[in-house]
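Heads up: the structure comes next, in structure tokens.
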Amino acid sequence: MHLTRLIYVSRRNPDVPTDLEGLLETSRRRNAENQITGALWVDGTYFVQVLEGARHVVSATYHRISRDPRHTDLELVSCESVSARAFADWSMGYCGDTRSNRQTILKFSGHDQLVPGEMSSSSLLSLVQALEVS
Ligand code: FAD
């Protein structure tokens, strides 16, 4: 298996409300079936998602997600072969917009709001790994 890690960022679509619980429930179920792991940052503006798993499955999942009307302006940050998973315990960990996570964002980026376009792929990955996941 070619273990692959893909990171993308997108903007929430203000015209299509997102039921986060439903989104996480579907994502976790589908990802568990596909042996995908990862994490999802959500605030009022952005999604940042890390997907890890077999290359063909990560690719198919990303293409399905990219057609979802709940977000727009998808930007592929990175897609690379890796030797180990960073989120092995999470079929999709949720990184919420909490005070503690904002402090972590401040340490990484100098802002207390995430501006994904200003961060490199490695900084984004390190940031998501440092966030509280639930
Ligand atoms: P169906 O459930 O058959 O839906 C058909 C269409 O409607 C699809 O285009 C779907 O995207 C869209 N849709 C589904 N529910 C809603 C809704 N509540 N409101 C508006 N449109 C809707 N899926 C995963 O499997 N793994 C993930 O890690 C994952 N992460 C996601 C992250 C984000 C930020 C978003 C927005 C979606 C994510 N999804 C994820 C969901 C994914 O986009 C699909 O909705 C889901 O995988 C079901 O796909 P389906 O083809 O069976 O669509």
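The figures here come from the full heavy-atom set of this structure, side chains too, leaving out hydrogens, waters and symmetry mates. First listed ligand is number 1; within each ligand, the first listed atom is number 1.
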Tell me, which pairs form a side chain to side chain donor-acceptor pair (under 3.5 Å) where one or both residues lie in residues 122-134, sequence neighbours left out?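 Side chain to side chain donor-acceptor pair (under 3.5 Å) check on residues 122-134 returns Ser100-Glu132, Ser120-Ser122, Ser120-Ser123.
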
Donor-acceptor pair, Arg70 side chain versus Val16 backbone, under 3.5 Å?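 Pair absent, no side-chain N/O of Arg70 close to backbone of Val16.
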
Going by the rule side chain to side chain contact (heavy atoms under 4.5 Å, CB included), which residues pair with Thr104 if we only count those two or more places apart in sequence or in a different chain?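 Thr104 satisfies side chain to side chain contact (heavy atoms under 4.5 Å, CB included) with Phe108, Leu127, Ala130, Leu131 only.
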
Give one line per pair: atom of ligand 1, protein atom, distance. Only N/O to N/O under 3.5 Å.
| from | atom 1 | to | atom 2 | distance (Å) |
| --- | --- | --- | --- | --- |
| ligand 1 | 11 (O) | Asp68 | OD2 | 2.9 |
| ligand 1 | 15 (N) | Arg70 | NH2 | 3.4 |
| ligand 1 | 18 (N) | Arg70 | NH1 | 3.4 |
| ligand 1 | 25 (O) | Arg64 | NH2 | 2.6 |
| ligand 1 | 26 (N) | Asn31 | OD1 | 2.8 |
| ligand 1 | 28 (O) | Asn31 | ND2 | 2.9 |
| ligand 1 | 28 (O) | Gln49 | NE2 | 3.0 |
| ligand 1 | 30 (N) | Ser27 | OG | 3.3 |
| ligand 1 | 30 (N) | Gln49 | OE1 | 3.4 |
| ligand 1 | 30 (N) | Gln49 | NE2 | 3.1 |
| ligand 1 | 43 (O) | Asp68 | OD2 | 2.7 |
| ligand 1 | 45 (O) | Asp68 | OD2 | 3.1 |
| ligand 1 | 45 (O) | Arg70 | NH2 | 3.3 |
| ligand 1 | 47 (O) | Arg64 | NE | 2.9 |
| ligand 1 | 47 (O) | Arg64 | NH2 | 3.4 |
| ligand 1 | 49 (O) | Arg64 | NE | 3.4 |
| ligand 1 | 52 (O) | Arg30 | NH1 | 2.8 |

Pairs where residues 21-53 contributes a residue and the test ring-ring contact (aromatic ring centres under 6.0 Å, His included) is met, not counting sequence neighbours: Phe47-His71

Just wondering, more than 12 heavy atoms not from Arg55 lying within 6.0 Å of its CZ? no

Please check if atom CZ in Arg64 has more than 12 non-hydrogen atoms from other residues, nucleotides or ligands closer than 6.0 Å. yes

